[in-house]
Chemist: 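My questions will all concern the structure given below.
In what follows, every heavy atom counts, from backbone to side chain, and hydrogens, waters and symmetry copies are set aside.
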Amino acid sequence: LAADIFNGWCVARSINTTNNKSAIDATADVGLVLHVGDISYAVGNAYLWETFFAQIQSLAARVPWMVGLGNHEYDHATQPFRPSWSNYGDDSGGECGIPYFTRFNMPGDTFWWSMIYGNVHFIMFSFEHDFTTGSEQWLWAQRDLAGVERAETPFVVAAAHRPMYSSGNYASDYQMCLRIQAELEDTLIKYGVDLFLAGHYHSYERTCPVYRQQCVDPAVAKAPVHITVGNGGMDPTNLWMSEPWSVYRDGVSSGFSLIETNSTHLHFAAYFDQSLTHVVDEAYIIART
């Protein structure tokens, strides 16, 4: 798991991430990579897509490289969904999602998708498109999550490039987080999503199980843990607000994370470049009964 990996100006950090992921894959039973947006930071420079694929080739040749859409793949001045409360810019450098959509073949034929891998149901949102109540994407998510068979997939992992929860101190992004919560947080609770993964902030952060800005005691009720894995290699961001639901955060280190599951537990483990011999942060999620 990683996001915000590559940039022509941050090659050393991003290469550390992909090399270390390859080293882990060589010794562990890694089944796939989930890259949660801001893939190559090509932003209109096609050669950077080629550089990125060369960088990930040793790992991507062995396991599926599953991706989500980020603002640096899609956002443009004339994108159809651009409400007044959003902070969408012109971040794709004119790519408008075309190189991303052409180079990666994700399930379905849209910028959002779902799949089953092992005993996990994954659902990937695009918060660069309309996600508001009643939209095409919102209705699709209701149908997809309503069809989850917990006997087959006891764990549900949602993801999107932009986080639903982040204590990063950026006012316009924080307003986006609040809007995403207002439109989709009840859906996560209704259908029992266990974990929400995101990027966008070039940092690592894990929340408690959280709902409506409050930590939830797992012994009393269920709520997802939100984890930002945007520390894949891009310039780090280390500006924070104080939030009671933020349990662990690091805005300096780059790295990646691993998920392992069995029939009863999901184990999330974060590795940073300077400490690959041990887990820096971790969380256990118990399957719902």
Chemist: Just by modelled atom types, is the Phe272 backbone N or O under 3.5 Å from a matching donor or acceptor in the Ser253 side chain?
Modeler: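 No: the side chain of Ser253 does not pair with the backbone of Phe272.
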Chemist: Can you list, by chain and residue number, the hydrophobic cluster partners of Tyr284 when the side-chain cut-off is 4.5 Å?
Modeler: none
Chemist: Provide the full list of salt bridge (Lys or Arg N to Asp or Glu O under 4.0 Å) pairs with a residue in residues 257-266, sequence neighbours left out, each pair given once.
Modeler: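 The answer is none; no pair qualifies.
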Chemist: Which pairs with one or both residues in residues 187-200 pass salt bridge (Lys or Arg N to Asp or Glu O under 4.0 Å), sequence neighbours excluded?
Modeler: Arg150-Asp194, Asp194-Arg288
Chemist: Distance-only, no hydrogens or angles: does the Gln142 side chain make a donor-acceptor pair with backbone N or O of Leu139 under 3.5 Å?
Modeler: no
Chemist: Counting only heavy atoms not in Asp217 (residues, nucleotides, ligands), do more than 12 fall under 6.0 Å from its CG?
Modeler: yes
Chemist: Between Trp138 and Leu184, is any pair of side-chain heavy atoms under 4.5 Å apart?
Modeler: yes
Chemist: Where do Trp113 and Leu34 come nearest, in terms of heavy atoms and distance?
Modeler: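 Nearest pair, atom of Trp113 first, then Leu34: CH2-CD1, 4.1 Å.
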Chemist: Using modelled atom types only, decide if a donor and an acceptor are shared between the side chain of His161 and the backbone of Val36 within a distance under 3.5 Å.
Modeler: yes
Chemist: Side chain of Asn238, backbone of Val252: donor and acceptor closer than 3.5 Å?
Modeler: no
Chemist: Counting only heavy atoms not in Glu50, do more than 12 fall under 6.0 Å of its CD?
Modeler: yes
Chemist: Under a 4.0 Å threshold between the charged nitrogen and the carboxylate oxygen, would Arg212 count as salt-bridged to Asp186?
Modeler: yes
Chemist: How are the rings of Phe131 and Phe81 set relative to one another: parallel (under 30°), tilted (30 to 60°) or perpendicular (over 60°)?
Modeler: perpendicular
Chemist: If hydrophobic residues (ILVMFWY) are linked whenever their side-chain heavy atoms come closer than 4.5 Å, directly or via other members, who joins Met241 in its cluster?
Modeler: Tyr174, Leu178
Chemist: Do Val280 and Tyr248 touch side chain to side chain, with heavy atoms closer than 4.5 Å?
Modeler: yes
Chemist: Is there a path from Ile286 to Val120 through hydrophobic residues (I, L, V, M, F, W, Y) whose side chains come within less than 4.5 Å of each other?
Modeler: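 No, Ile286 and Val120 fall in different hydrophobic clusters.
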Chemist: I'd like to know whether Phe101 forms a side chain to side chain contact (heavy atoms under 4.5 Å, CB included) with Asp109, so could you lay out the CA-CA distance, the side-chain angles of the two residues, the decisive distance to 0.1 Å, and finally the verdict.
Modeler: CA-CA 9 Å; Phe101 197 74; Asp109 193 30; 3.5 Å; yes
Chemist: Applying ring-ring contact (aromatic ring centres under 6.0 Å, His included), name anything that partners Phe125, two or more places apart in sequence or on another chain.
Modeler: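 With sequence neighbours excluded, Phe125 shows a ring-ring contact (aromatic ring centres under 6.0 Å, His included) to Phe127, given in chain and number order.
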Chemist: Do Ser203 and Arg249 make a side-chain contact, defined as non-hydrogen atoms from C-beta onward lying under 4.5 Å apart?
Modeler: no
Chemist: What pairs of residues pass the salt bridge (Lys or Arg N to Asp or Glu O under 4.0 Å) test when at least one of them lies in residues 68-97, not counting sequence neighbours?
Modeler: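 Sorted pair list: Asp75-Arg162.
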Chemist: Any chance the side chains of Gln137 and Ser126 put a donor and an acceptor closer than 3.5 Å?
Modeler: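 Per modelled atom types, Gln137 and Ser126 side chains form no pair under 3.5 Å.
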Chemist: So Ile39 and Phe104, side chain to side chain contact (heavy atoms under 4.5 Å, CB included) or not? Walk me through it.
Modeler: CA-CA 11 Å; Ile39 308 299; Phe104 292 101; 3.9 Å; yes
Chemist: Below 4.5 Å, heavy atoms only, C-beta onward: do Gln213 and Glu243 meet side chain to side chain?
Modeler: yes
Chemist: Would you find a donor on one side and an acceptor on the other, under 3.5 Å apart, between the side chain of His202 and the backbone of Asp235?
Modeler: yes
Chemist: Kindly indicate whether the side chain of Pro209, heavy atoms from C-beta on, has any atom under 4.5 Å from the side chain of Val225.
Modeler: yes
Chemist: So does Thr132 get a backbone contact from the side chain of Asp130, meaning a donor-acceptor N/O pair under 3.5 Å?
Modeler: yes
Chemist: Quick one: name the residues clustered hydrophobically with Val216, using the 4.5 Å side-chain heavy-atom rule over I, L, V, M, F, W, Y, and just say none if it's on its own.
Modeler: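 Taking Ile, Leu, Val, Met, Phe, Trp and Tyr as members, Val216 shares its hydrophobic cluster with Ile189, Tyr211.
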Chemist: Between Phe268 and Ile285, does the side chain to side chain contact (heavy atoms under 4.5 Å, CB included) criterion hold? Intermediate values first, please.
Modeler: CA-CA 8 Å; Phe268 178 95; Ile285 296 173; over 6 Å; no
Chemist: Report the residues that fulfil side-chain hydrogen bond (donor to acceptor under 3.5 Å, both in side chains) with Tyr204, sequence neighbours left out, ordered by chain and then residue number.
Modeler: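 Counting only residues at least two positions away or on another chain, Tyr204 forms a side-chain hydrogen bond (donor to acceptor under 3.5 Å, both in side chains) with Asp281.
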Chemist: Please identify each residue that fulfils ring-ring contact (aromatic ring centres under 6.0 Å, His included) with His129, with sequence neighbours left out.
Modeler: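 In terms of ring-ring contact (aromatic ring centres under 6.0 Å, His included), with neighbours along the sequence ignored, His129 is linked to Tyr74, Phe111, Trp112.
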Chemist: Any side-chain heavy atom of Gln175 sitting closer than 4.5 Å to one from Trp85?
Modeler: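 No, their side chains stay 4.5 Å or more apart.
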Chemist: Could you check if a side-chain atom of Phe122 sits within less than 4.5 angstrom of a side-chain atom of Leu195, using non-hydrogen atoms only?
Modeler: no
Chemist: Should Arg103 and Val67 count as side-chain neighbours, where that means a heavy-atom distance under 4.5 Å?
Modeler: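 With C-beta onward as the side chain, the pair stays apart.
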Chemist: Just to verify, what does Glu185 make a side-chain hydrogen bond (donor to acceptor under 3.5 Å, both in side chains) with, not counting sequence neighbours?
Modeler: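 Glu185: side-chain hydrogen bond (donor to acceptor under 3.5 Å, both in side chains) contacts with Tyr165.
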Chemist: Applying disulfide (SG to SG under 2.5 Å), name anything that partners Cys177, two or more places apart in sequence or on another chain.
Modeler: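 With sequence neighbours excluded, Cys177 shows a disulfide (SG to SG under 2.5 Å) to no residue whatsoever.
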Chemist: Can you list the residues that meet the ring-ring contact (aromatic ring centres under 6.0 Å, His included) rule with Tyr117, with sequence neighbours excluded?
Modeler: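 Once residues adjacent in sequence are excluded, Tyr117 has no partner under the ring-ring contact (aromatic ring centres under 6.0 Å, His included) criterion.
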